[in-house]
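Worksheet for the structure shown next.
Naming: A, B, ... by sequence-line order, numbering from 1 per chain.
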Number of protein chains: 2
Amino acid sequence: MNGNPHVSEETRRRVLAVARRLNYQPHTYAQRLAKQKAYAISAVIPFFTNYFFIEVLRGVQSKISEFGFDLVLYGVNDPATQVEYYIQKSTHRGKVDGVLFFSMKFPESYTRYFIQREIPIVLVDTFHPKFDSITVDNFKGAYIAVKHLIELGHEKIGMIVARLESVPARQRFEGFKQALIDHGKKFYEEFFIETKDTRLDGFNREAGYYACKELLSRSRKLPTAIFVSSDIQAIGVIEALNENGIKVPGDVSIIGFDDIELAKDFGLTTVRQPMYEMGVIAVEKLFERINNKKTKPEHIKFTPELVIRNSCP
Amino acid sequence: MNGNPHVSEETRRRVLAVARRLNYQPHTYAQRLAKQKAYAISAVIPFFTNYFFIEVLRGVQSKISEFGFDLVLYGVNDPATQVEYYIQKSTHRGKVDGVLFFSMKFPESYTRYFIQREIPIVLVDTFHPKFDSITVDNFKGAYIAVKHLIELGHEKIGMIVARLESVPARQRFEGFKQALIDHGKKFYEEFFIETKDTRLDGFNREAGYYACKELLSRSRKLPTAIFVSSDIQAIGVIEALNENGIKVPGDVSIIGFDDIELAKDFGLTTVRQPMYEMGVIAVEKLFERINNKKTKPEHIKFTPELVIRNSCP
DNA sequence: TTGAAAGCGCTAACAC
DNA sequence: GTGTTAGCGCTTTCAA
């Protein structure tokens with residue numbers, strides 16, 4: 001039944017026929033046990049965040065099913081208590097051939113564990129020097145966004161950013177500054193706001209809304225463009241602006257980051273993270289790693305691309 | 001190691017100690033094979049839709065891990081080709097103890113298959129008489145929403161609805177009409193719009209936006225309140241209104257359906273589907289079914305509850 | 001080519 | 001209580 005070549009056509013035909021008649025299916029776990037292979041990979045993925053990961057998951061699913069593998073999902077609702085627990089489950093002997101770990105900080109206490117046991121793992125949207133990773137170049141993405149603004153002729157460019165202690169927020173901020181410097185533009189302290197909201201590190205709509213309110217309260221002067229560290233915040237910013245009778249893009253241009261579903265709806269110019277593709281690549285990398293455990297970790301960085309819509313004319 | 005009571009404390013202690021020292025873990029599939037139990041359930045779930053299901057999935061995950069089971073996920077990107085394929089995979093002999101099937105139309109060609117093999121299954125957000133199901137009462141939800149509007153004193157109530165061939169849209173529409181009838185209010189044909197957009201059956205922001213544009217183009221008269229068949233459409237409606245200088249809730253009140261994340265952000269009054277809870281209940285039901293295959297299918301209908309925010313003062 | 005048997009790693013039944 | 005053995009259902013090896 002498994003296509004063994006040392007078997008006559010005649011016999012194969014007969015066996016297959018009987019199998020079909022009896023509605024035979026090999027038992028999943030008997031097979032996996034005998035083969036010493038799981039034909040499955042797991043994904044440890046945050047459920048508490050911005051549904052960023054769904055898109056990635058779509059990519060993962062589509063690639064994984066090409067291989068006929070199963071995906072066992074561990075959705076983390078509470079990172080403090082569940083990350084290590086699910087890593088444990090993922091790595092329970094024999095269960096999976098490899099694991100995908102998403103967005104969260106990989107617990108240092110597990111690096112040795114994975115390396116010693118040679119458990120294939122790839123990190124997605126998070127980084128660790130010892131393991132393969134797929135990330136997005138936040139610095140470059142921000143740089144591209146701001147450069148776009150500059151090329152559009154903007155001089156006074158503001159930024160509304162999520163909490164700087166979050167890695168992506170920090171990197172996007174650095175990209176913003178660098179673009180300004182490289183093009184000889186001034187950094188206006190008064191047009192720069194770091195979110196106070198801590199929920200999701202400030203990557204949420206309300207954080208954008210209130211940060212913008214604060215910007216407005218500071219002075220009657222406005223930048224001509226604002227780079228916002230994520231689309232969801234940008235939507236909050238636009239609303240705060242609208243409430244104050246300030247038109248986007250008429251009075252101020254807005255550029256976001258991520259290219260979430262809503263960005264299209266709002267006509268928001270932004271910088272796109274290729275999430276679906278990241279999922280696909282992650283699975284590909286993981287399979288490579290499964291088939292060849294010994295090579296050095298590889299770090300793939302995607303460069304976001306500009307998506308021009310109408311919030312920056 | 002498995003807590004057999006016919007074993008002395010002393011021995012157990014010793015065995016456990018050695019096991020720990022050797023870093024012993026039982027092999028997942030050897031256990032499952034010997035026990036003739038999968039300790040896993042699968043979920044066949046649409047990936048192409050409104051990320052409605054994520055919230056449900058959170059509930060599923062949290063309940064499932066209480067039982068220590070694994071979740072094997074089959075995300076459907078293309079329903080036409082993948083639904084049956086994943087049902088097959090789900091039911092591969094021995095693989096899972098039960099399956100959760102979400103939102104999509106359950107293929108009639110598989111009802112016999114499940115019944116004969118006695119494969120435990122529960123449907124979530126979709127219905128079939130032969131299987132357990134967890135759904136939301138769209139009719140009642142709509143009724144509650146409209147009743148709320150009426151109690152607020154509205155007389156001219158409009159509705160913007162997704163495509164009526166979609167079951168939930170139809171049910172919400174029926175609830176709307178019934179509420180009007182029961183309270184002796186007139187149904188204004190001119191304030192009723194069915195979306196033309198077919199994407200996601202019209203359950204998307206743009207559909208709401210354009211439907212509202214059409215409403216506005218019909219006449220200069222406006223209803224004092226509009227019931228929109230989903231929050232995401234309602235957000236499109238609000239925007240179309242705002243663009244035309246019509247204030248929400250100043251000029252017209254809006255009520256939605258679903259209570260998605262953004263509804264809170266927009267201060268949208270709506271009717272909440274308890275998605276997380278539905279996930280939890282679905283898993284509980286599935287386990288009941290796993291332990292007791294012979295009882296009649298049970299159909300649980302959740303009644304949505306009103307969430308009052310400020311789009312309907 | 002085909003058939004028989006050993007082994008994958010565990011659980012459960014049954015003597016001891 | 002404890003040790004032994006026969007499955008669980010498949011794959012793989014090795015004679016025949």
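- At a threshold of 4.0 Å, the pair A:Lys95-B:Asp70 counts as salt-bridged, since one of the basic side-chain nitrogens sits closer than that to a carboxylate oxygen.
- Taking 4.0 Å as the cut-off between side-chain N and carboxylate O, B:Asp258 and B:Arg272 do not count as a salt-bridged pair.
- Residues meeting the ring pair (Phe, Tyr, Trp, His ring centres under 6.0 Å) test with A:Tyr276, sequence neighbours left out: none.
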Worksheet item: Can you give one letter per nucleotide of nucleotides 7-13 of chain C, 5' to 3': B if a protein heavy atom sits under 4.0 Å from the base, S if only from the sugar-phosphate, - if neither?
Response: BBBBSS-
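- When only modelled atom types and interatomic distance are considered, B:Arg93 and A:Asn23 share no side-chain donor-acceptor pair under 3.5 Å.
- Taking the ring pair (Phe, Tyr, Trp, His ring centres under 6.0 Å) definition, one finds that B:Phe102 meets it with nothing, sequence neighbours left out.
- Annotation: side chain to side chain contact (heavy atoms under 4.5 Å, CB included) contacts of A:Thr111 (sequence neighbours excluded): A:Phe106, A:Glu108, A:His128, A:Phe131.
- Both the sub-6.0 Å distance and the 45° axial angle are not jointly satisfied by B:Arg58 relative to the ring of A:Phe47.
- As rounded to whole Å, 11 Å separates atom C1' of C:dT2 from atom CZ of A:Arg14.
- Between its opening and closing five pairs, the helix from C:dT1-D:dA16 to C:dC16-D:dG1 changes axis direction by 50°, a value rounded to 10 degrees.
- Shown here are the side chain to side chain donor-acceptor pair (under 3.5 Å) partners of A:Glu288, two or more places apart in sequence or in another chain: A:Lys285.
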